[in-house]
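Have a look at this one.
Residue numbers start from 1 in every chain, and the chains themselves are labelled A, B, ... in the order their sequence lines are given, proteins ahead of strands. Keep in mind the model is a prediction, meaning the values are calculated, not measured.
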Amino acid sequence: MIVEGLGGWLSKVGNFSLTLLIVTTYGLLMGAFIERIIAKVQGRIGIPYRQPFINILKNFFKRTAISHGVMFYLGPVFRIAGGIGTLAFVPVIYGDEMFSNFSMAGDLFLVIYFMFFGQLGMALGAGESGHPYSAIGIARGLSQMTAYEIPFALAVISIVIQYDTLSITQIVAAQQGGWQNWTVVTNWVATLAAMLAFLGMMGYSPFDIFLAPQEIPIGPPTEFHSAYLGLMQLNRALFGATKLVLFMNLFFGGATGWVELMIKTFLIYMVAIVIGVAFPRFRVDQGIRFFFKIPTLIGIMSIIYVQMVLTS
Amino acid sequence: MTQLTGHSSALDFAQPEPVDMASGKYVKLWQGPQHPGITGNMSLELTLDGDTIIDCKTHVGYLHRGFEKLMERRSFIQNFTVVCRIAVPEPTFNEYLYSHAVEQLSGIKIPERAIWLRTMNLELMRLASFLMWIGGMSGAFGQYTVPNWTTAYRDFVLDLFEEMTGARIYHMYIVPGGVRAGLPDGFEKRARDIMDGAEKLLDQVERVMFNNAVFKARSKGLGIITPDMIDPYGIVGPNARACGVERDIRKDEPYLAYDQLNFETITGKDSDAYERAYLRLQETRQCISLIRQCLDKAPKDGPFQADMPNVLHWKIPAGETYVKAECTRGEYGYYMVTDGSEFVRRVHVRGPSYTHAIAVMERLAVGNNIADIAGLMVSLHTYPPEIER
Amino acid sequence: MNTVDEILDYAIEQEQLAADFYEDVAQRVETAGMKKILLDFAEEEKRHKKILLAVKTGEHELTPEQEILDLKISDYLVEVKTSENISYQDALIIAMQRERAAYNLYNDMAQKVPDGKLKHILLGLAKEEAKHKLFFEAEYDERVLTDN
Amino acid sequence: MSLKDLLSPFFVWQRAFEKPYTTLRPTLDRPGAPAYRGFHINITETCVGCGSCQTICQNNAIDMVAVEAYAGRAGDSGLRPRFDYGRCCWCGLCVDICTAASLRMSNEYAWISDDPDSFHFTAGVDDKPWQDNELGYRRAEGYHLNPPKRIEMPMLSAQESLKSFAEVTLGYNEEQAKKEADRCVECGICVATCPAHMDVPDYIHSIRDGDYEKGLQLMYRTNPFPATCGRICTRRCESVCPVGILGEPVAIRWLKRFIVDQVDKKDYQRILEKPIASTGFKVAIIGAGPGGLSAAYYLRQQGHAVTVYEAQATGGGMLRYGVPSYRLPDAELDKDIDHITSIGVEIKYNSRIGKDVMFESLLENYDAVFMSTGLSVPSSMRINGENHARVLSGLQILADVASDRDPGIGKKVAVIGGGNVAMDAARVSRRLGAEVTILYRRRISDMPADEEEIHECQQEGCTIVPQAIPVEIIDADNKQKVCIKWGEAKMVDDPKGGRARPVLQEDKMHTETYDCIISAIGQSSNLDYLSKELQEQLAFEWGKLTPAEYQHTSMKKVFVGGDFANRTADAISAIEDGHHAARGINRFLNPDFYTALEKQEN
C-alpha cells in the first residue's frame, strides 16, 4: 500500500513534469504567435517562433556580477515557484489521469493562493534592489492586483456557489456535455467579471500599469538580468499558459484534449490582445478606479445572480 | 488638479518654498538621463508626494557636445556637416539656417531651384518629424500600435530623403550656396505615392489614437498652457498655436518659397496635451499639402547652387546676423558673428526646446501624476540635443 | 648573283660594309659622344647582319608581305658628307639615306627577276631595309624634328 | 466617454490584414538608394593624391598615405587617402571636393568584420568588396565647392595688340588675383613638378592674405626671375594642377606675375634677403641668361664674388633676344636683372669667351666656373635650297626686333615650325605688317608651342597650315621672293605607342611664293668658344651634355646648366640649373662644412 502510494506519487511527479514541459513549451510558442499577431497589427513581420527559446537560453547562459542581496535573487525563484505551484494544482486535460496533476478537493483555493504568491515574491525581490522606481512599480503592481483580484474572487465565489465545489476538476466536470453547459453560458455574469479581471491579470494595455516603460523604466525586467531574467521569462510563458488553462477550466468548459485546449486558451488570450493593441495605458489611479467600479459591481451582481437565479 | 506648490499661478515667478525632504514625506526621483519616457538624454529631478509631483527641475548636460564651440574651430563648409547633429530628428532646419546665415553674411544669393528644393526638403523633414512625434505621443501613453505605423511611414519619408540626399538622417543636403543635387529620376512619383499613403495613415491614426477613450482620459486637461504664458515663457510653435496664438514664421516673415505656397496657420483653443497633439496632426496633414505644392511648383531644371568661392579657404566678411525659421517646434534661430577669418567667431543656436523643456516643463509638471510626465514632455515636443548645443 | 644564297651573302656583306663604314667614321670624328653614336649605328648594322645570317640558316623567315611604314623623310633631305665634326642630325641623315639606297637596290633587283624564291628573298630583303630605314627615320622624327 | 471613443480604436485591426511595412532581411532586401552615401571608393588610377579630401574632412578621418604603386608618377603626389571609419561621418565632402572626381561612395552600408584594423583602409588599394560598386554618391553635375573656371586674364584685343609691341596681357587686378588665388587647393603637386620647385601654394596663400612682400620673398627663395617667369614661364605646374583635371588649372603664372606687379622695384632691397658676408671665393659665369644669372644670384647670396661674362650688350639671353617684348617687356626683365646686379653681381657685357676672354684664363683665375650659353644656333631643315637668301631664321628675326633692327621680312611670309619660336616669329611678323602662314608637319594639337600662344597667334590673324611638310625651297622669279614646295601629310599611328607620325603624301604637293620663309624648327648650341679638347673633356654629345649631380661636369671646377645641359630647354629649367649649380659650387667650395653637416645628420 505504501509502496503503491509512493509509486503512484512518483508517477504523478513524472506526469506533472511532462505537463510542465508541454505547458511551458506551449506557453512560449503561443507567446511568439501572439507577438506575431501584435506585430501584424503594428505593420511588422514580427519575431521568429524560436525567438522566446533563444532569449531564455541566452539569459540562462549569462552570469551576474553584482549583488543586491539574497532576497533580490530569490524574487524570480519565488516567482517561478508560484508559476509551477499554480500549474501543479490545475488539471490540464479533463478526464486524463496523466495530465490532471495534483488536482484535489480544494485545489481552487490553493491555485488562487499560488497566483498571488509569485507576485509577492517578486515584490520582495524587486524591492530589495533599492531603486525608487522598483518600489513604485511594486506598489503599482500590487495595487492593480488587489484591484483585479476583487472581481476575480467575486466571480470565483460565484461559480463555487454555482457548482457547490472547490475542486477545479469537478467544476470542469459540471460543464461537460456541450457548450450550453459552460459557465460562460450558465453564469455569464461571473464570466464577464472574471474576464475583466483577466485583462488586468494579463498586463496588456490599458492595464500594463506595472510594466509601463515610459513611466517607470526600472521595473523588474530591467533590474533582473542573466539567469534571473531567464527564469522570469520562463515563468511568464508558464504562468500565462496556466492562467489561461485555469480560465478555460473555470469558465469555458475545460478541455478533453490538447487541441481543444490550444484553441480555447488561444481564444481567451486573444481577448486581452484585441483590447491591448487598441488602447493606451491607464494611469494607475484610473486603472484601480476602473476595477473597483464596473468589474467589482459585476462580480457582486454575479453572486446575486447565482443566488437568485441559479441556486434557487 | 494642477496645483502649484508655493505658486499662485503659472505667472508667479517667485522662488518656491524649499521642500522639507527630511520629513520623510517626499521622495526624490530622477527621470532620466536614461529613460524611455524622456525624449533624449535629459533628466527631470522630481520631488514626489506619493504619486504627485510637487517639484520638477530639468537637468541637462548629458548630451553636451559643444557644437557652438566646435563650429568656431571648423571652416564654414565643415560646419555644415556638424550642425545637423544639433537636432537629431530634424537636422534639416539646422542645415538650412546655418547655410542661410552664412549666405547672408557672405552675400550669396541662391538660385530659384535651390529655394524650392530647400522648401520641399524642410517640409519633408517636418513631415518625418511629426510622424515620429505622433508615434512618441502615442507611445508615451502606452499605445504601441500607432508608433509602429508612424515610424514606418517616417521611414518611407526617410527613403525619399535617402534618394534625394544620399542619407536618411543626417542629410547634409542644404549646403551653403544652395543644395547638393537636384531630384533623382522618378522621385516625384514616389514622393506623391508616399504622400497619398501618409494621408491615409493619418486618417487611421486619427481614428485609432484621437478617437480613443483612454487616450482622451489621459491627455485631456494635461499640462494646460494659457495664452498669458506665451510671452513670459517664450513659448512658440504648435505649443503656442494650440492656445489660439497665431504665431508662425512661415506666415509672419515668409522665407524661402513660403510666400508662394498656399496654407493657413492652424490654431487651437485650450493648449492641453490632447489639443497640442491634435493640432500637430492637422499640421502634419498641412505638411503633405505643402510638399505636394512644392512638387508642383519647383523648377525641374536650372542651377541649384550659387557660384561659390573655393570652400577650402573661404573667408566671410565680418558681420552678424540672426536668421530664423519655423521648425516643427516653433521658432528656430541662428545667431552668427563672423570676423572676416576662415572661421566663424560665434554661433548661437536658439532651439525652442530650451524654454519648452526647462521653464515650461518645470512649471507644467507640478501637480501632475508621475505617470503623465512622459506624455507631458512629448506633448511639448522637446529635443534635448538642441538644448545643449 | 643568281641563287638565293648568293643574294643573301651579298646582303650580309653589305651590312658588314655598313658597319665598317660607321666604325671608320667613328674613328675620325672628334667628340666622344658622336663616336659613341656612330658605334651604336655600327652595332645596329651588325644586328641586321645577324638577322640575315639567321635567314640563311633558316632560323628566321623574311616577310615580304609585311607593310612597312615609309615616313619619306630621307627622300627630300640634302645629301650629307661625312666629316670630322659631323652632327647627330647629319649622321642620321647618312644612315637613313644608306638604308634607302639599299632598299631601292633590292627592290629594283626584285623587279628584274621572275617570280619565285629569288624574288621572294629580294623583296624580303627590301622590306628588311625598309624596316631599318624606318628605325632611323623614326629616330630623326623623334629627336631632330621636335619643333618642326 | 462616448461609445465612439470606445469602439473606434478597434480599427487598429484593419491593419492586421494588410501587407507589413517591414522586410524580412533588411540589409539584403533593401540596397541603399542609388545616390546613397555609403562606403568610399577611390579610383586610384585617376586620383592624383592632392589631399583636398584630407583638408576638407572635418573629423580628420582621412590621412594621405604613400602607396608604393603610385610613387614617382608625374603630377601625382604618390599619396592616396586612407579612411578611418572610426571617425568618418559619411558627409561626403571629400567626394564633393575631389579634384579628380576619383573619390566616390558606394551605396553599400553594411559591413561586419571582427578585425578592427580593417575599418582603417586605403580606398582602392586595400581590397574591399564594394570597390566596383556602380551605384552610390557622386558629385552632382553642376555642383562645385571650388570654381572650375579660372579668372580670365585681361588682354588687349587682337586688333589692339597688332598695332604695337605693347604687352598683350594686362595683369590681374587685386580682386581678380585674390579670386584666382582662392581656387588653389594647396596640394603642392605643382611644387614637385616645377623644375625650380617654387613654393607655389605658399605664395598663392600670400596673395589671399594680401601680403605680397612675403610672396616675393618666397619666390626669390627658388627663382630670381619672378617677373619674367610670371609672364613667359612654360608653367608645367599648371599642367599638373589637380584643379585643372575637371576645370581649368589655377593660373599660377598670372598669380606670380601679380605679386611682382604689386611690389615696386625700389622696395626689393628692403624686402629681400641680402648676401652674407664675403667668403673670398670668386666664381665666373659664362652667359647672362636665366641660367647664368640665377647661378650668379644664389652664389652671390652665399657671399661669393661673382663675375658674369656676356657676349651681348645686355643681359637676359634668350629672354631678351628670343622672347618678343609683347610677351615680356624689357622693363620687366630689367626688374629681375637689376635686382641681381644690385646685390653685387658683376656682369661684363660684350665679352665673348674665346675672343675677348679665354676660357682657360677663367679656369685659372676663378675658383669655379659656371657655363650656361644656351642654344643659340638655329637648326637647319636640310632640304634643298635651304641656303636661299630669303630663308631667314626665326631666332634672328626675334633678335633683330629686340635690338630695334629691321629684319626685312616683306609682306607675305611663311613660318616653318610649331614651337614657341615659330609662334613668336609669326606674331612679330604680324606686328611688322606681314601676312603670315605657319607650316607645321603635324597636327595643331601636336605643336610643342604653348596652347595660349597658338591661340593668340590665330587670334592675331596668322594662318596655321597643319600637316604640311616642306620638301624643297625653290628660287622665285623675283630675287626678293622665294618659293616653297610642301606636301600634305597624313598622320599614321605609331604601333609602338608614342606620338603619331606624319607621312608625306607625294601626290599632294603645293608650291607657294612668299617674300621670305622663316625657319624656326629648333636650335642647337654654339660651342665655338671651347677648344675641341675642352669639348671632349667636358663630354659634350652633339652640342649637349648631361651634367652629374649638382650640375658638375667631369672637369673639377666647371659646372653647367641651362638649355644646353637639360632636356626641357625652357627658362624655368635654366633657372633651376643655375640655382642647383650654385648649391653645387657652394659645396665644392666648402667641402668641409658639408661633410661635417652630413656627419651630423647621420
Gap separating the CZ atom of D:R501 from the CG atom of C:L134, nearest 0.5 angstrom: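 So the gap between those two atoms works out to 7.0 Å.
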
D:E451, CD atom: more than 12 neighbouring heavy atoms under 6.0 Å: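 At most 12 heavy atoms, drawn from other residues, nucleotides or ligands, come within 6.0 Å of this atom.
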
Which portion of D:V492 sits near chain C, non-hydrogen atoms under 4.5 angstrom: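 Only the side chain of D:V492 comes within 4.5 Å of chain C.
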
Any residue meeting side-chain contact (heavy atoms from CB on, under 4.5 Å) with D:L392, in chain and number order, not counting sequence neighbours: D:I397, D:I409, D:C516

Set of residues satisfying salt bridge (Lys or Arg N to Asp or Glu O under 4.0 Å) with respect to C:E45, sequence neighbours excluded: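 So C:E45 forms no salt bridge (Lys or Arg N to Asp or Glu O under 4.0 Å) with any residue.
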
Which portion of C:A91 sits near chain D, non-hydrogen atoms under 4.5 angstrom: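 Neither part.
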
More than 12 heavy atoms from other groups under 6.0 Å of NE2 on D:H510: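 Yes, the 6.0 Å shell around NE2 holds more than 12 heavy atoms from other groups.
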
